[in-house]
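The structure under discussion appears below in the form of structure tokens.
Residue numbers start from 1 in every chain, and the chains themselves are labelled A, B, ... in the order their sequence lines are given, proteins ahead of strands. Hydrogens, waters and symmetry mates are skipped; everything else that's a heavy atom, side chains included, is used.
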Number of protein chains: 2
Amino acid sequence: MADGSRPTLTTVAEHARVSRQTVSNVLNSPEVVRPDTRERVLRAIAELDYRPNVVARQLRTRRSSVLGLRMPPASDGISGQVLDRFLHALTDEAQRAGLRVMLFTAEDDDAEIREYQNLRATTGIDGFVLANTHAGDPRTRWLADHGVPFVTFGRPWDTRRDDGGTTADHHPWVDIDGRAGTRAATQHLLDAGHRRVAFLGWPEGSGVGDDRFAGWHAALAGAGLADDVVVHRTADSVAQGVAAATRVLARDDVTALVCVSDSIALGALAAVREHAAQRPGRRAVAVTGFDDTPVARAVDLTSVAQPVGDVAARAVELLRSQIEGRDDVALDRQVLIEPHLVVRATSRAVR
Amino acid sequence: MADGSRPTLTTVAEHARVSRQTVSNVLNSPEVVRPDTRERVLRAIAELDYRPNVVARQLRTRRSSVLGLRMPPASDGISGQVLDRFLHALTDEAQRAGLRVMLFTAEDDDAEIREYQNLRATTGIDGFVLANTHAGDPRTRWLADHGVPFVTFGRPWDTRRDDGGTTADHHPWVDIDGRAGTRAATQHLLDAGHRRVAFLGWPEGSGVGDDRFAGWHAALAGAGLADDVVVHRTADSVAQGVAAATRVLARDDVTALVCVSDSIALGALAAVREHAAQRPGRRAVAVTGFDDTPVARAVDLTSVAQPVGDVAARAVELLRSQIEGRDDVALDRQVLIEPHLVVRATSRAVR
DNA sequence: GCGTTCGACTTGAACGATCCAACAACCGAC
DNA sequence: GTCGGTTGTTGGATCGTTCAAGTCGAACGC
């Protein structure tokens, strides 16, 4: 501090009248150092405000304690915010575990794979977090094939492999149980007395969307209402939500809408308001969304909240066990986390 | 690749029948190497797929080429998305310039300063980007006093210092010209024939808010309409936006609302819709927001877009000149970037 | 009493790059 | 033919840490 250059192991060693290695041992395996010596070294460390140079350490140990994350392309949708909160939680959890998060960008999956190679070769990044896997993702396969530690936020929806292998199928992942989420939302509406609960979803084929659909269906089936269901599928946008809801509301018996996303729910809300204006005195149609984005909070929309903090914590845990090479049998390598419903005005009454 | 371990400078040197240093020169100062030798070395590099180990380089040169950014606390407001897009742009620009972005979190300003020290001492981070400066910020002062390269996204609104010094006042920053933004929005409305354009803003005292207010006022003054203005100030939320707009719309002569943020504009839109429903046939009140968030796009709201890509590019540029130690006189150390208006449905006609 | 084991600590080498000073080769000049 | 200067190349030292092997003295068993 005083002379401008930072103290090193040797400085501390001289100060405590021991060797470099002993200081290093105090930090890395304190149990091999006699208590009184340890005490003396720790005092010297404190006095000099010594902090180990992680760069030098990394050069020797080939471990960086850095995680890589591709900055997901700025999605136009509202739900992009989930990734945002996840990133925050991930940084937090990683830091708590002594890891850092480093960002990078890439145009497409192939460019991302090239960046993996690059980051591994040049900076020695320890592992990666993938936040937006999709069906037939080449990235998980590449990482698995090259023995690079990684975790995905999101299940591998497509488990087929060209060569019939199964490596990618069993990679570690953490995900939100969307099915449980929509199920809870639907059950909440059924409990409130709604009998005709429609679903506004995405086109079939997206793993996430189908999963959420399944939850809604399961809840209705549980109540014996699955014989004649109302479903409308559409792209994820507010405008599409308005259109979809308007069509569904034409059926006058529908009293509640479970939406696959907050975007669609936001549109549905507008349609419901319109619909209600034409039928004064009638109880307004209830609406629920998914993701509990800030927008949902803003417009008082009931929504299914994704506990991204939990996801991040488990992701870091899974990565650590891979990086440290301990094949933790006790640790589930696939983690499904239950979301919870945040009940707000729109599922009670809409103005 | 084949034998599992990556090639080093020495490997390449042997392969090209030159010394380590010559290979290093080819990479770092190619002009000192004779063309034919250079060619031979480059071929060896390509054949072996050699990539310099940045960790070893960093240990020697004490330069990490890594920028630190505190992950801003997940703001509940919609405008938090601006930071999100900025983060993406920053990562992109940094990568283009051969830099990386590393994230960290901190509870408060003091903890953040401790993290600065920590990151500098242990990982040798080259510089920092501060994305959320506020009045009387201790962080900029600390960084300036310790000679750490940094740039802020946002002007220092409070220029006073306890000891009367001026260091912090002159730190490099990049910001969006909010005044120019609201001015453009207001002018756009005036051009469309509106005469009574109200302003929905934040409470006085926030630099950003006052700046945006000033732009609106300047536009009205330019049109000779500044004598009797309509202003309502409120906290940044959708609900507050509804309330504020409702009160302002009670004055029947107001035909347009310039809002300080998309959150408030979103609320205003709801109030306008209500207002219009009670006065069928009348031309609906126009609304503009600020930030051009995804929500604005979603509900077709005219808004002032912040060119975060430009901000990021200039920020990286300013950081580089500091890190590389070149006191670029030609480079403006304070950069104000003009936003642009994105005209959408809400400033033409509201349904 | 002597060899063996053990605990506590020290020493030299390595990680992979860059910096520095020295050196070989070449050119033209006297 | 020797010399000074330029250009291109070389080997050794260095950054700060950890690994592997080694030293030293005390405790132990027979």
Side-chain angles (χ1 to χ4, degrees), chain A residues 3-42 44-45 48-65 98 120-126 324-325, chain B residues 3-42 44-45 48-66 98 120-126 324:
Chain A
D3 71 352
S5 70
R6 297 210 51 85
T8 73
L9 266 192
T10 313
T11 321
V12 177
E14 284 165 5
H15 203 262
R17 311 200 159 279
V18 293
S19 70
R20 292 192 312 272
Q21 184 61 29
T22 302
V23 181
S24 171
N25 283 338
V26 168
L27 295 171
N28 299 316
S29 23
E31 70 281 0
V32 307
V33 180
R34 210 170 38 200
D36 58 331
T37 314
R38 184 164 54 211
E39 198 52 47
R40 190 152 38 98
V41 170
L42 285 175
I45 289 177
L48 297 172
D49 187 32
Y50 165 78
R51 328 235 182 141
N53 182 327
V54 302
V55 177
R57 171 180 293 168
Q58 182 184 350
L59 179 60
R60 193 70 181 90
T61 63
R62 350 224 84 215
R63 185 168 297 168
S64 64
S65 297
R120 293 277 291 180
T122 62
T123 73
I125 275 198
D126 281 343
E324 288 163 18
Chain B
D3 71 351
S5 71
R6 297 210 52 84
T8 74
L9 264 193
T10 312
T11 321
V12 177
E14 284 166 4
H15 203 262
R17 311 199 160 279
V18 294
S19 71
R20 293 192 309 274
Q21 183 61 25
T22 301
V23 181
S24 172
N25 283 338
V26 167
L27 294 172
N28 298 316
S29 22
E31 69 281 1
V32 308
V33 180
R34 208 169 38 200
D36 59 331
T37 314
R38 184 165 55 213
E39 197 52 46
R40 189 151 39 96
V41 170
L42 285 174
I45 289 179
L48 298 171
D49 187 31
Y50 165 78
R51 328 235 181 140
N53 182 327
V54 301
V55 178
R57 171 180 294 169
Q58 182 185 349
L59 179 60
R60 192 70 181 88
T61 64
R62 343 227 91 211
R63 185 167 296 168
S64 64
S65 296
V66 174
R120 292 277 292 179
T122 62
T123 73
I125 274 197
D126 281 343
E324 289 164 18

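Computed from coordinates, the A/Glu31 CD to C/dG7 P distance equals 12 Å when rounded to whole Å.
For DNA chain D, the span of nucleotides reached by chain B at under 4.0 Å from its heavy atoms goes, 5' to 3', from D/dG8 to D/dG16.
Residue side chain A/Arg34 does not reach the base of C/dA8 through any donor-acceptor N/O pair under 3.5 Å, judged by distance alone.
Residue B/Val54 is out of contact with every strand shown, counting any heavy-atom pair closer than 4.0 Å. Backbone-only engagement by A/Thr37 is indicated by non-hydrogen atom pairs under 4.0 Å involving sugar-phosphate atoms exclusively.
Using a 4.5 Å heavy-atom threshold, the side chains of A/Glu324 and A/Arg63 count as touching. You'll find the side chain of A/His15 stays beyond 4.5 Å of the side chain of A/Val12, heavy atoms only. Within the 4.5 Å cutoff, side-chain heavy atoms of B/Thr11 are placed close to those of B/Leu48. Counting heavy atoms from C-beta outward, B/Arg6 and A/Arg120 have side chains that stay 4.5 Å or more apart.
Proximity of A/Arg57 to the phosphate of C/dC15: no side-chain N or O atom is located under 4.0 Å from OP1 or OP2.
With hydrogens and angles ignored, the 3.5 Å screen pairs a side-chain donor or acceptor of A/Gln58 with a backbone N or O of A/Thr123. A donor-acceptor contact shorter than 3.5 Å is absent between the side chain of A/Arg38 and the backbone of A/Val26.
When all heavy atoms of A/Asp126 and A/Ser65 are compared, the pair lying nearest together is OD2-N, 2.6 Å. B/Tyr50 and B/Leu27 get closest at one heavy-atom pair: CE2-CD1, 3.8 Å.
Within residues 14-24 of chain A, the residues having any heavy atom under 4.0 Å from DNA chain C are, by residue number, A/Val18, A/Ser19, A/Arg20, A/Gln21, A/Thr22.
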Output a table of nitrogen or oxygen pairs between the protein and nucleotides 22-28 of chain C separated by less than 3.5 Å.
none

